[in-house]
Undergrad: 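Before we start, here is the structure in question, set down as C-alpha cells.
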2 protein chains.
Amino acid sequence: MAKKKAKQRDCDPRPVRLPDDACAEELAQLAWAVAHPARVRIMRLLSDRETCVCGEIVDELPLAQSTVSQHLKILKESGMINGEIDGPKVCYCINSEKLRTLKDLVAAF
Amino acid sequence: MAKKKAKQRDCDPRPVRLPDDACAEELAQLAWAVAHPARVRIMRLLSDRETCVCGEIVDELPLAQSTVSQHLKILKESGMINGEIDGPKVCYCINSEKLRTLKDLVAAF
DNA sequence: ATCGTTAATCGTCGATTAACGATTAAGAGA
DNA sequence: TCTCTTAATCGTTAATCGACGATTAACGAT
C-alpha cells in the first residue's frame with residue numbers, strides 16, 4: 001500500500017486542517033453537549049414545554065442550582081440553546097439551527 | 001404554581017427511575033461515544049470504507065497506537081462498533097443497530 | 001434605599017479523560 | 001522454535017469534568 005505511513009513522530013507540523021477534521025470537531029463538540037444525562041434532560045424539557053423555562057429546570061433536576069447553571073452554560077456555549085434575560089429570570093430555549101446541525105451530522109453516519 | 005418545590009435537600013431518596021431517566025442515560029452514553037474528534041473520525045472511516053479496517057485507523061489518525069486502541073475500546077464498549085479477530089489483526093465495523101438507536105434518539109429531540 | 005428572588009460565577013475537591021511509551025499477548029510465517 | 005507483526009493492556013501524567021457551597025450581580029417590589 002505504502003500509504004502515508006508517517007508516524008508523525010518528530011517534527012510533523014501537520015498544520016493543515018482538512019474539512020473532514022473541522023467537521024469531526026463540530027460533531028464531537030455538539031455530541032459532547034448532550035453527552036450527559038442532565039443535559040439531555042434539559043434539552044428534553046426545553047423541547048417539551050413550549051415555554052422557555054428558566055429556573056424551573058433546577059426544580060426538575062436532582063442537582064444543585066450552581067450545577068444546573070454550569071450545564072446550561074455548556075449548552076449555551078455549544079450553541080444548542082439560547083438564554084434570554086427577562087427581569088431577574090432567564091428564559092432558555094433550544095436553538096433549532098444548531099439542533100438541526102447535530103441531527104444532520106449524526107444522520108450522516 | 002406550587003409545583004413540587006422539593007429542593008431535594010435533606011432526605012430525598014429519589015430511588016425511582018423514570019423511563020425518561022433511563023432514556024436520557026442511554027442517549028448521553030451514546031452521544032458521549034462520539035463526543036471526541038478522534039472517535040468521530042473512526043466512525044467516519046468505518047462508515048466510508050466498506051471493508052472493516054483494522055489498524056489502518058492508526059495510520060489515519062495523528063495519534064499513538066495505544067491511544068487509538070483506547071478510543072476503539074470506548075466505541076466498542078458503547079456498542080457502536082464491533083471488533084472481529086482475524087489472525088493477528090482485528091477488523092472493526094459499525095454496529096448498525098446501535099447507530100440507528102443513536103440516530104433515533106437524537107432525531108427525537 | 002433596602003430587601004427578596006433569581007441566576008451566574010468563584011473556589012474547591014475528587015473522579016475521570018486523554019495522551020503517551022513500554023510491555024504483553026496472540027498469530028503467522030520462516 | 002524463533003521472529004515479526006498486530007493490537008490490547010499497563011502505568012503514568014496532565015488536564016478536564018462534575019458536583020457542591022458560598023458569593024456576587026441584577027432586577028423588582030416594597
Side-chain angles (χ1 to χ4, degrees), chain A residues 1-3 5 7-12 14 24-25 28-29 31-42 45-46 51-78 81-93, chain B residues 1-3 5 7-10 12 14 21 24-25 28-29 31-42 45-46 51-78 81-93:
Chain A
M1 283 60 174
K3 297 190 71 73
K5 67 180 284 288
K7 286 292 295 177
Q8 46 267 125
R9 287 288 135 268
D10 296 321
C11 54
D12 183 342
R14 193 173 294 263
E25 206 89 37
Q29 189 178 330
W32 189 83
V34 293
H36 190 287
R39 296 198 286 272
V40 170
R41 297 193 60 184
I42 290 174
L45 233 71
L46 296 180
T51 162
C52 298
V53 294
C54 47
E56 296 177 284
I57 299 170
V58 175
D59 293 333
E60 214 62 49
L61 298 179
L63 295 170
Q65 177 265 323
S66 56
T67 305
V68 173
S69 195
Q70 283 279 14
H71 285 303
L72 287 169
K73 185 180 184 179
I74 288 171
L75 284 170
K76 198 164 54 180
E77 283 177 348
S78 76
I81 67 174
N82 292 42
E84 189 186 345
I85 299 176
D86 172 29
K89 303 187 179 182
V90 177
C91 283
Y92 287 97
C93 58
Chain B
M1 286 58 175
K3 298 190 70 71
K5 66 181 286 289
K7 287 293 293 176
Q8 47 265 125
R9 286 289 134 266
D10 295 321
D12 183 341
R14 193 174 293 265
D21 285 327
E25 207 89 37
Q29 189 178 328
W32 187 82
V34 294
H36 190 289
R39 296 198 286 270
V40 170
R41 297 193 60 187
I42 290 173
L45 233 72
L46 296 181
T51 162
C52 296
V53 293
C54 48
E56 296 177 283
I57 299 169
V58 175
D59 293 332
E60 214 62 48
L61 298 178
L63 295 170
Q65 178 265 323
S66 56
T67 305
V68 173
S69 194
Q70 283 281 14
H71 286 302
L72 286 170
K73 185 179 184 181
I74 288 171
L75 284 171
K76 198 163 54 181
E77 283 177 348
S78 75
I81 67 174
N82 292 39
E84 188 186 344
I85 299 175
D86 173 27
K89 303 188 180 183
V90 177
C91 283
Y92 288 96
C93 57

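Order of the sequence lines fixes the chain letters, A, B, ..., with proteins taken first and strands second; residue numbering starts at 1 for each chain.
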Undergrad: Among D/dA8, C/dG21, C/dA7, which nucleotide sits nearest the side chain of A/Lys89?
TA: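 Of the candidates, C/dA7 comes closest.
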
Undergrad: At less than 4.0 Å, is any side-chain N or O atom of B/His71 found next to OP1 or OP2 of C/dA19? Yes or no.
TA: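 B/His71 to C/dA19 OP1/OP2: side-chain N or O found under 4.0 Å.
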
Undergrad: Figure out the CD/P separation between B/Glu25 and D/dG18, and round it to whole Å.
TA: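 Interatomic distance, CD of B/Glu25 to P of D/dG18: 13 Å.
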
Undergrad: Check whether any side-chain heavy atom of A/Glu60 lies under 4.5 Å from a side-chain heavy atom of A/Ile42, and answer yes or no.
TA: no

Undergrad: If pairing requires Watson-Crick or G-U wobble contacts with both distances under 3.5 Å, which nucleotide is the partner of D/dA29?
TA: C/dT2

Undergrad: For the side chain of B/Pro88, counting heavy atoms from C-beta on, which of C/dA19, D/dC20, D/dT5 is nearest?
TA: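 In terms of side-chain proximity for B/Pro88, the closest of C/dA19, D/dC20, D/dT5 is D/dT5.
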
Undergrad: Could you check whether any side-chain heavy atom of B/Leu72 comes within less than 4.5 Å of a side-chain heavy atom of B/Tyr92, counting everything from C-beta outward?
TA: yes

Undergrad: In this structure, how many angstroms lie between the P atom of D/dT16 and the CH2 atom of B/Trp32, rounded?
TA: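 So the CH2-P distance, B/Trp32 to D/dT16, works out to 16 Å.
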
Undergrad: Rounded off to whole Å, could you give me the CD1-to-C1' distance for the A/Ile85 and C/dA8 pair?
TA: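 Spelled out: CD1 on A/Ile85 to C1' on C/dA8 is 10 Å.
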
Undergrad: Would you say B/Arg39's side chain and B/Ala33's backbone share a donor-acceptor pair under 3.5 angstrom?
TA: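 Here the side-chain-to-backbone pair exists.
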
Undergrad: OG/A/Ser69 to CD1/A/Ile57 distance, rounded to the nearest 0.5 angstrom?
TA: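 Those atoms lie 10.0 Å apart.
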
Undergrad: C/dC20 phosphate, OP1 or OP2: any side-chain N/O from B/Thr67 under 4.0 angstrom?
TA: yes

Undergrad: Given C/dA8, D/dA8, C/dG21, which nucleotide is nearest the side-chain atoms of B/Tyr92?
TA: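 So the nucleotide nearest the side chain must be D/dA8.
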
Undergrad: Check every strand shown and say whether B/Ile74 touches a base, only sugar-phosphate, or nothing at a heavy-atom separation below 4.0 Å.
TA: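 Sugar-phosphate only.
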
Undergrad: Whole angstroms only, please: what is the CG-P distance between B/Asp59 and D/dT5?
TA: 14 Å

Undergrad: For the pair made of CZ in B/Arg39 and P in C/dT17, what is the distance, rounded to whole Å?
TA: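 Spelled out: CZ on B/Arg39 to P on C/dT17 is 9 Å.
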
Undergrad: Indicate yes or no: at least one non-hydrogen side-chain atom of B/Trp32 is less than 4.5 angstrom from one of A/Val34.
TA: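 Of all side-chain heavy-atom pairs linking A/Val34 with B/Trp32, none is under 4.5 Å.
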
Undergrad: Give none if D/dC2 has no partner; otherwise give the nucleotide forming a Watson-Crick or G-U wobble pair with it, both distances under 3.5 Å.
TA: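 Its partner is C/dG29.
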
Undergrad: Using OP1 and OP2 only, check whether a side-chain N or O of A/His36 sits under 4.0 Å from D/dT16.
TA: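 Checking D/dT16 against A/His36, no side-chain N or O comes under 4.0 Å of OP1 or OP2.
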
Undergrad: If you check the A/Val90 side chain, which of C/dA8, C/dA18, D/dC20 turns out closest?
TA: C/dA8

Undergrad: Let me know the distance between CG of A/Leu63 and P of C/dA7, rounded to the nearest Å.
TA: 16 Å

Undergrad: C/dA8 P sits how many Å from A/Gln65 CD, rounded?
TA: 7 Å

Undergrad: Could you tell me which nucleotide pairs with C/dT24 by Watson-Crick or G-U wobble geometry, both distances under 3.5 Å, or answer none if nothing does?
TA: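 C/dT24 is paired with D/dA7.
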
Undergrad: Does the side chain of A/Gln70 come within less than 4.5 Å of A/Ser66's, by heavy atoms?
TA: no

Undergrad: Atom CD of B/Glu77 and atom C1' of C/dA18: how far apart are they, to the nearest Å?
TA: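 Whole-Å distance recorded here is 15 Å.
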
Undergrad: Do the side chains of A/Lys76 and A/Asn82 get nearer than 4.5 Å, heavy atoms only?
TA: no

Undergrad: Sort me out a list of protein N/O and nucleotides 10-12 of chain C N/O pairs below 3.5 Å, or just none if empty.
TA:
none

Undergrad: Now, which nucleotide makes the Watson-Crick or G-U wobble pair with C/dT12, with each of the two distances under 3.5 Å?
TA: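 Checking every strand shown, C/dT12 finds its partner in D/dA19, with both distances under 3.5 Å.
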
Undergrad: What's the shortest heavy-atom distance between A/Val58 and A/Gln65, and which atoms?
TA: CG1-CA, 4.0 Å

